[in-house]
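Just the heavy atoms: all of them, side chains too, but no hydrogens, waters or symmetry mates, feed the values below.
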Amino acid sequence: MKTKNLEAILKSANETEKEQIIKQIQDISFCDYIHQLLADNQLDKAAVIEASQIPRTYAYQIFQGVKQAGRDKILQLAFAMKLDLEETNRMLTIANHSMLYAKKQRDAIIIFALSNHYNLMDTNELLNELNHELLGSF
């Protein structure tokens with residue numbers, strides 16, 4: 001079910017319906033979500049890891065759920081997976097990080113880059129030009 005549909009149902013639910021609806025909701029882990037994205041978008045995990053420029057061992061630990069990815073690592077994965085802004089914000093939310101916020105300059109640059117289908121290297125060049133911290137360590 002789409003999130004907006006679920007929100008509408010929850011807003012209009014009465015006390016009796018509320019409990020039944022909430023019991024049906026199952027939390028999704030970040031690890032499960034990124035595997036779902038790989039499958040849905042027919043992406044190769046090794047290719048995504050390479051494109052993300054995250055050290056291979058660390059990236060595999062993120063995919064296995066052994067390591068919790070920081071916000072920038074998630075953004076690197078989003079660029080590697082060629083996600084749009086909505087998908088990126090959903091991934092950030094599932095990982096318990098703040099969504100990209102257009103009134104923060106660095107986030108605005110990243111939003112621009114995602115919306116214009118920049119890859120990670122081009123995004124980092126733009127961040128560098130505008131004197132902001134890069135995504136990843138180079």
Side-chain angles (χ1 to χ4, degrees):
M1 177 183 301
K2 296 268 186 196
T3 304
K4 290 189 188 288
N5 293 345
L6 181 56
E7 286 174 359
I9 290 169
L10 288 167
K11 287 177 184 177
S12 65
N14 62 38
E15 285 295 316
T16 310
E17 298 168 326
K18 162 196 68 146
E19 194 170 317
Q20 183 180 12
I21 294 167
I22 291 174
K23 283 182 180 179
Q24 293 177 14
I25 298 170
Q26 294 183 352
D27 291 338
I28 184 169
S29 72
F30 179 73
C31 184
D32 290 341
Y33 184 68
I34 57 176
H35 282 96
Q36 180 183 339
L37 283 173
L38 289 174
D40 290 350
N41 295 316
Q42 299 176 341
L43 299 170
D44 177 65
K45 186 190 302 183
V48 167
I49 289 170
E50 184 178 335
S52 74
Q53 299 179 357
I54 298 171
R56 193 170 63 87
T57 303
Y58 186 72
Y60 275 104
Q61 290 173 335
I62 292 170
F63 275 90
Q64 293 168 350
V66 174
K67 296 280 186 183
Q68 185 173 349
R71 190 171 189 259
D72 279 3
K73 295 291 184 239
I74 292 169
L75 291 170
Q76 287 174 250
L77 288 170
F79 278 103
M81 292 179 171
K82 299 179 179 165
L83 301 182
D84 63 21
L85 178 60
E86 182 179 339
E87 292 167 321
T88 300
N89 277 333
R90 185 176 303 119
M91 191 160 65
L92 286 165
T93 301
I94 289 170
N96 296 316
H97 291 290
S98 61
M99 294 191 309
L100 292 166
Y101 183 59
K103 290 188 175 185
K104 289 178 70 176
Q105 195 175 69
R106 184 172 185 260
D107 282 4
I109 294 165
I110 294 168
I111 290 169
F112 173 84
L114 285 167
S115 301
N116 286 282
H117 311 289
Y118 280 34
N119 63 27
L120 183 58
M121 184 182 296
D122 293 335
T123 302
N124 275 331
E125 286 178 13
L126 184 58
L127 286 165
N128 188 51
E129 284 174 25
L130 298 170
N131 300 313
H132 285 277
E133 185 179 342
L134 304 182
L135 291 170
S137 54
F138 301 93

Exercise: identify the closest heavy-atom pair between [X] and [Y]:
X: F30; Y: A69; answer: CE2-CB, 4.4 Å
X: A113; Y: T123; answer: CB-OG1, 3.3 Å
X: E87; Y: Y33; answer: O-OH, 4.1 Å
X: L77; Y: V48; answer: CD2-CG1, 4.1 Å
X: C31; Y: Q64; answer: SG-C, 3.7 Å
X: A59; Y: I49; answer: CB-CG2, 3.5 Å

Distance-only, no hydrogens or angles: does the [X] side chain make a donor-acceptor pair with backbone N or O of [Y] under 3.5 Å?
X: Q76; Y: S52; answer: yes
X: R71; Y: M99; answer: yes
X: N128; Y: L134; answer: no
X: Q20; Y: E17; answer: no

* **Pair I110-R106, side chain to side chain contact (heavy atoms under 4.5 Å, CB included): steps then yes or no** => CA-CA 6 Å; I110 294 168; R106 184 172 185 260; 4.3 Å; yes
* Asked: Is there side-chain contact between L10 and I21, with heavy atoms separated by less than 4.5 Å?
  ->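 Heavy-atom side-chain distance check passes, below 4.5 Å.
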* Let me see the working for Q53 and L135 under side chain to side chain contact (heavy atoms under 4.5 Å, CB included), right down to the final yes or no. => CA-CA 9 Å; Q53 299 179 357; L135 291 170; over 6 Å; no
* Asked: Crowded around K82 NZ? As in, over 12 foreign heavy atoms under 6.0 Å?
  ->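 Result for NZ/K82: open.
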* Apply side chain to side chain contact (heavy atoms under 4.5 Å, CB included) to the pair L114 and L83, showing each step before the final yes or no. => CA-CA 7 Å; L114 285 167; L83 301 182; 5.5 Å; no
Separation between [atom1] of [X] and [atom2] of [Y], rounded to the nearest 0.5 Å:
X: D122; Y: N116; atom1: CG; atom2: CG; value: 11.0 Å
X: L38; Y: H35; atom1: CG; atom2: NE2; value: 6.0 Å
X: E125; Y: L120; atom1: CD; atom2: CG; value: 10.5 Å

* To do: Kindly state each residue pair satisfying ring pair (Phe, Tyr, Trp, His ring centres under 6.0 Å) with at least one member in residues 90-128, sequence neighbours excluded.
  =>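 Checked against ring pair (Phe, Tyr, Trp, His ring centres under 6.0 Å) - neighbours excluded - the pairs reaching residues 90-128 are F112-Y118.
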* Asked: What's the verdict on side chain to side chain contact (heavy atoms under 4.5 Å, CB included) for T88 and M81, showing C-alpha distance, side-chain angles and the deciding distance?
  -> CA-CA 10 Å; T88 300; M81 292 179 171; over 6 Å; no
* To do: Not counting sequence neighbours, which residues clear ring-ring contact (aromatic ring centres under 6.0 Å, His included) with Y58? List them please.
  =>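 For Y58 there are no ring-ring contact (aromatic ring centres under 6.0 Å, His included) partners, ignoring immediate neighbours.
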* State yes or no: do I28 and V66 share one hydrophobic cluster built from I, L, V, M, F, W and Y residues joined by side-chain heavy-atom distances below 4.5 Å, directly or via other members? =>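 They do not share one cluster, since no chain of ILVMFWY contacts under 4.5 Å joins I28 to V66.
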